[in-house]
Undergrad: 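There's a structure below that I have some questions on.
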Amino acid sequence: MMRISFDLDDVLFVSPEFCETEPELRFPYNRLFTDRLRKGTPQLIHTLQEQGFEVWVYTSSYRTEVYLRALFRAYGIHFDQIVNAQRHQKEVQRDRVQILPQKMPNFYHISLHVDDEKVVHENGRLYGFRTMRVCEPDEQWTEKVLKEANRIRNLEIREHG
Amino acid sequence: MDNLDSKLEQLETLFVKYGASPTELNQENIGINRERTVYSLGGCFFRAGSARFDGKTFLLISSIDKVKYAELGIMEDIDILPLESGSERLEKAVRYALGVEPYPEKYPEDV
């Protein structure tokens with residue numbers, strides 16, 4: 001099963017002043033979970049999962065998994081795995097002398113990582129993992145992600161049989 | 001005992017009912033600003049609490065999965081319930097929070 005991961009800040013979590021967002025959660029949940037989701041996120045995640053993708057969060061944020069699962073649950077989203085900075089530090093960086101990039105999706109066999117940061121995409125070229133950039137407001141962002149995810153899946157099927 | 005304290009005690013009783021144990025973590029802050037005992041279960045830590053929004057009091061279930069944060073009383077609020085929530089609602093919330101029962105597909109139902 002192909003894995004796709006998403007960064008959080010400026011990808012799934014956006015400011016409503018900058019980007020169209022999902023409707024705010026109803027009071028009082030909007031006071032507990034103040035991060036706003038980019039419009040289309042719940043439907044995109046559901047569609048990816050229905051299409052047989054494993055969907056992960058891979059973030060350099062220290063927000064805890066407990067909090068993130070509770071937040072996404074309020075939006076009706078359940079991610080297959082969540083990798084935050086703490087988990088990355090424990091599982092990827094560990095006690096290596098060489099400082100690795102903040103995200104190494106290939107360590108987790110993630111086939112496509114969606115991120116806003118240029119450096120992540122540059123690291124993708126250097127370290128051999130596939131990325132897709134989402135940062136600006138884009139009404140077609142979900143279609144683009146679905147298209148790219150399926151393109152890579154087809155590529156992997158051809159490569160590995 | 002006021003209604004809030006009674007409800008918080010009810011949550012704590014439910015923590016214990018479902019296998020959590022009271023800890024001595026963050027003892028120095030217990031009782032200050034209504035901060036309460038930290039409970040542990042399976043490597044996770046839980047606490048009952050409250051918050052006021054728009055003049056209304058709500059019950060909180062907080063959790064964290066790292067003892068170093070629990071020691072300092074730093075926890076994440078993972079569920080919020082009206083103060084007037086009945087026993088059944090409170091029990092369901094605790095069962096879900098502690099992992100006794102998986103969260104239903106849509107939770108909370110009224111978001």
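Naming convention: chains lettered A, B, ... in sequence-line order (proteins, then strands); numbering from 1 in each chain. Since we're looking at a predicted model, the values are computed, not measured.
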Undergrad: Check for me, please, whether Phe6(A) and Met104(A) land in the same ILVMFWY cluster - side-chain distances under 4.5 Å, paths through other members count.
TA: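 In one cluster: no.
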
Undergrad: Search all heavy atoms of Val66(A) against all heavy atoms of Ile78(B) and return the closest pair with its distance.
TA: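 The pair with the smallest heavy-atom distance is CG1-CG2, 3.2 Å.
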
Undergrad: Answer yes or no: are there more than 12 heavy-atom neighbours, outside Glu17(A) itself, under 6.0 Å from its atom CD?
TA: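 No, not enclosed.
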
Undergrad: Establish whether Ile4(A) and Ile110(A) are linked, either directly or via other cluster members, by ILVMFWY side-chain heavy-atom contacts under 4.5 Å.
TA: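 No, Ile4(A) and Ile110(A) fall in different hydrophobic clusters.
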
Undergrad: Roughly how far, to the nearest 0.5 Å, is the OH atom of Tyr67(A) from the CD1 atom of Ile64(B)?
TA: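 So the gap between those two atoms works out to 12.0 Å.
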
Undergrad: Heavy-atom count around Glu101(B) CD within 6.0 Å, excluding the residue itself: above 12?
TA: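 For Glu101(B), atom CD is crowded (more than 12 foreign heavy atoms under 6.0 Å).
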
Undergrad: Roughly how far, to the nearest 0.5 Å, is OG1 of Thr64(A) from CD1 of Ile74(B)?
TA: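 Rounded to the nearest 0.5 Å, the CD1-OG1 separation comes to 11.5 Å.
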
Undergrad: CG of Asn30(A) to CZ of Phe53(B): how many Å apart, nearest 0.5 Å?
TA: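 Here the rounded value is 8.5 Å.
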
Undergrad: Are Arg31(A) and Asp54(B) side-chain neighbours, meaning at least one heavy-atom pair lies under 4.5 Å?
TA: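 Arg31(A) vs Asp54(B): side chains touch.
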
Undergrad: Could you state whether Tyr58(A) and Phe79(A) fall into the same hydrophobic cluster, counting links through intermediate Ile, Leu, Val, Met, Phe, Trp or Tyr residues with side-chain heavy atoms under 4.5 angstrom apart?
TA: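 Looking at the clustering, Phe79(A) is in a separate group from Tyr58(A).
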
Undergrad: If you take all heavy atoms of Asp79(B) and Tyr29(A), which pair is closest and at what distance?
TA: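 Taking every non-hydrogen atom into account, OD1-CE2, 4.4 Å.
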
Undergrad: Look at His78(A), Gln86(A), Arg63(A) and state which one has the largest set of heavy-atom pairs under 4.5 Å with chain B.
TA: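 Sorted descending by pairs with chain B, the first entry is Gln86(A).
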
Undergrad: Within the supplied structure, the quantity of interest is the number of heavy atoms (other residues, nucleotides, ligands) at a distance under 6.0 Å from Arg96(A) CZ; does it exceed 12?
TA: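 Buried by this count: over 12 neighbours within 6.0 Å.
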
Undergrad: In Å and rounded to the nearest 0.5 Å, what is the CD to NZ distance from Glu65(A) to Lys66(B)?
TA: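 It comes to 8.0 Å.
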
